[in-house]
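Below: one structure, written as structure tokens.
Residue numbers run from 1 in the order of the sequence given.
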Amino acid sequence: MSESSSIDSQQKTSTNTDNVKSQFAQRFRGYFPVVIDVETAGFNAKTDALLELAASMLHLDESTGDFSIDETIQFNIEPFEGANLEPKALEFTGIDPTNPLRGAVTEEEALKTLFKLVRKKMKAAGCQRAIIVAHNAAFDLGFLNAATERCKIKRSPFHSFVSFDTTTLAGLALGQTVLAKACIAANIDFNNNEAHSALYDTEKTAELFCHIVNRWRALGGWPLTETENETENESKSESESEAQ
């Protein structure tokens with residue numbers, strides 16, 4: 001075999017290997033969904049403190065096709081220097097940022113720990129980019145992006161503006177947009193006394209997201225039929241051609 005033939009063979013083998021995607025990667029177009037909830041001292045991501053952050057990683061059982069919670073990580077966070085603390089927001093969440101028993105860490109420590117775990121799980125699932133899943137996702141993503149910018153972290157594993165919003169998904173699948181009501185409609189236990197804790201809300205949002213995705217598959221909505229796949233591939237090819 002000539003040297004050029006050997007190189008061509010190696011390139012083809014590499015390409016074929018790259019094209020074999022895990023079921024997880026196939027499900028969300030290479031995205032790795034991470035369910036996130038934040039508790040804050042207001043509504044302005046630029047000025048108000050980020051006080052709690054929790055994130056649930058997901059697992060796909062390739063034998064059943066069902067998603068479930070894999071691991072959840074949670075942080076109590078110190079308000080950044082000069083952060084605004086709205087009294088009404090603190091009263092609503094019940095968080096006392098000055099309580100030394102919170103064991104709070106800096107935004108930078110929380111984000112770097114989270115990003116490291118996300119990258120590890122994302123790589124194991126064969127995905128290329130993480131995507132936030134949240135209830136009213138624009139709010140949580142806004143605070144996540146603002147904290148990332150404050151900490152001068154240049155590379156976040158998360159897409160900067162694309163998200164999966166369980167408010168919209170629950171409205172479509174269950175006819176409910178409030179997290180507690182959507183969980184009840186999905187027969188997921190929900191305790192209002194534990195709500196507004198980032199850890200609790202994250203895991204309930206993750207259960208809700210998994211329920212909707214799993215139910216859609218059970219009803220025959222996924223995987224796509226061969227005809228739908230062919231149409232999708234044709235559209236992708238046309239888009240790539242136009243881009244070139």
Side-chain angles (χ1 to χ4, degrees), residues 21-39 53-74 118 121-122 125-144 158-229 231-232 235-236:
K21 293 183 178 180
S22 68
Q23 287 187 38
F24 201 131
Q26 292 177 49
R27 182 61 184 87
F28 301 109
R29 198 175 147 265
Y31 284 127
F32 181 74
V34 179
V35 186
I36 282 181
D37 185 75
V38 300
E39 297 299 334
L53 169 66
S56 288
M57 315 296 143
L58 303 182
H59 167 74
L60 173 64
D61 185 330
E62 297 203 354
S63 63
T64 65
D66 283 346
F67 282 88
S68 60
I69 297 176
D70 174 29
E71 179 180 352
T72 301
I73 189 170
Q74 186 268 345
V118 169
K121 298 287 186 178
M122 181 173 65
C127 297
Q128 290 82 44
R129 194 73 183 272
I131 184 171
I132 187 175
V133 180
H135 211 70
N136 298 314
F139 178 85
D140 300 82
L141 182 57
F143 272 88
L144 183 68
F158 290 97
H159 198 292
S160 60
F161 58 86
V162 177
S163 62
F164 291 157
D165 189 352
T166 51
T167 311
T168 303
L169 293 173
L172 171 67
L174 301 164
Q176 298 289 347
T177 56
V178 176
L179 179 59
K181 292 183 177 180
C183 285
I184 292 169
N187 292 319
I188 297 170
D189 290 335
F190 194 94
N191 187 338
N192 282 301
N193 293 326
E194 295 188 54
H196 308 304
S197 151
L199 179 60
Y200 188 79
D201 286 357
T202 294
E203 293 197 325
K204 289 304 170 182
T205 302
E207 287 183 53
L208 178 63
F209 179 72
C210 291
H211 170 84
I212 294 171
V213 172
N214 294 342
R215 182 73 186 280
W216 178 248
R217 181 196 56 77
L219 291 172
W222 183 267
L224 300 177
T225 64
E226 289 186 11
T227 303
E228 289 171 320
N229 267 320
T231 302
E232 182 180 340
S235 298
K236 183 178 179 181

Practice problem: Could you check if a side-chain atom of L174 sits within less than 4.5 angstrom of a side-chain atom of H211, using non-hydrogen atoms only? | Solution: yes

Quiz item: What distance do C210 atom SG and I69 atom CD1 have between them, rounded to the nearest 0.5 Å?
Solution: 6.0 Å

Quiz item: At their closest point, which heavy atom of T177 faces which heavy atom of H135, and how far apart are they?
Solution: O-NE2, 2.7 Å

Quiz item: Below 4.5 Å, heavy atoms only, C-beta onward: do V213 and R27 meet side chain to side chain?
Solution: yes

Exercise. Kindly indicate whether the side chain of L144, heavy atoms from C-beta on, has any atom under 4.5 Å from the side chain of F158.
Key: yes

Quiz item: So, S163 side chain and I132 main chain: donor-acceptor pair closer than 3.5 Å or not?
Solution: no

Practice problem: Would you check if the side chain of H59 reaches a backbone N or O of D66 as a donor-acceptor pair within less than 3.5 Å? | Solution: no

Quiz item: When rounded to the nearest 0.5 angstrom, what distance separates CD1 in I188 from CD in E203?
Solution: 12.0 Å

Exercise. Could you go through the ring-ring contact (aromatic ring centres under 6.0 Å, His included) check for F139 and F143 one step at a time?
Key: CA-CA 7 Å; F139 178 85; F143 272 88; 4.9 Å; yes

Quiz item: Per the side-chain contact (heavy atoms from CB on, under 4.5 Å) rule, which among V35, V133, I212 passes with F164?
Solution: V133

Exercise. Verify the neighbour count for atom CG of N191: are there more than 12 heavy atoms of other residues, nucleotides or ligands below 6.0 Å?
Key: yes

Quiz item: So do the side chains of D61 and S68 get within less than 4.5 Å of each other, counting heavy atoms only?
Solution: no

Quiz item: Is there side-chain contact between F190 and K181, with at least one heavy-atom pair below 4.5 Å?
Solution: no

Self-check item: Side-chain touch D37/T205, heavy atoms, less than 4.5 angstrom
Solution: no

Quiz item: Atom CG of L60 and atom CG of D70: how far apart are they, to the nearest 0.5 Å?
Solution: 11.0 Å

Quiz item: What is the minimum heavy-atom distance between F24 and Y31, and which atoms define it?
Solution: CE2-O, 4.3 Å

Quiz prompt | Non-hydrogen atoms of E39 and D201 that approach each other most closely | solution = OE2-OD2, 3.7 Å

Practice problem: Give, for atom NZ of K21 and atom CD of Q128, the distance between the pair rounded to the nearest 0.5 Å. | Solution: 6.0 Å

Exercise. May I ask you to decide whether K204 forms a salt bridge with E194, counting only side-chain N to carboxylate O separations under 4.0 Å?
Key: no

Quiz item: Is the backbone of A134 close enough, under 3.5 Å, to the side chain of T166 for a donor and an acceptor to pair up by distance?
Solution: yes

Practice problem: Identify the two heavy atoms, one from A130 and one from V34, that lie closest to each other, and give their separation to 0.1 Å. | Solution: CB-CG2, 4.4 Å

Exercise. Would you please indicate yes or no on a ring centroid separation below 6.0 angstrom for F161 and H159?
Key: yes

Practice problem: Starting at CG of N187, measure out to CD of E207 and round the result to the nearest 0.5 Å. | Solution: 12.0 Å

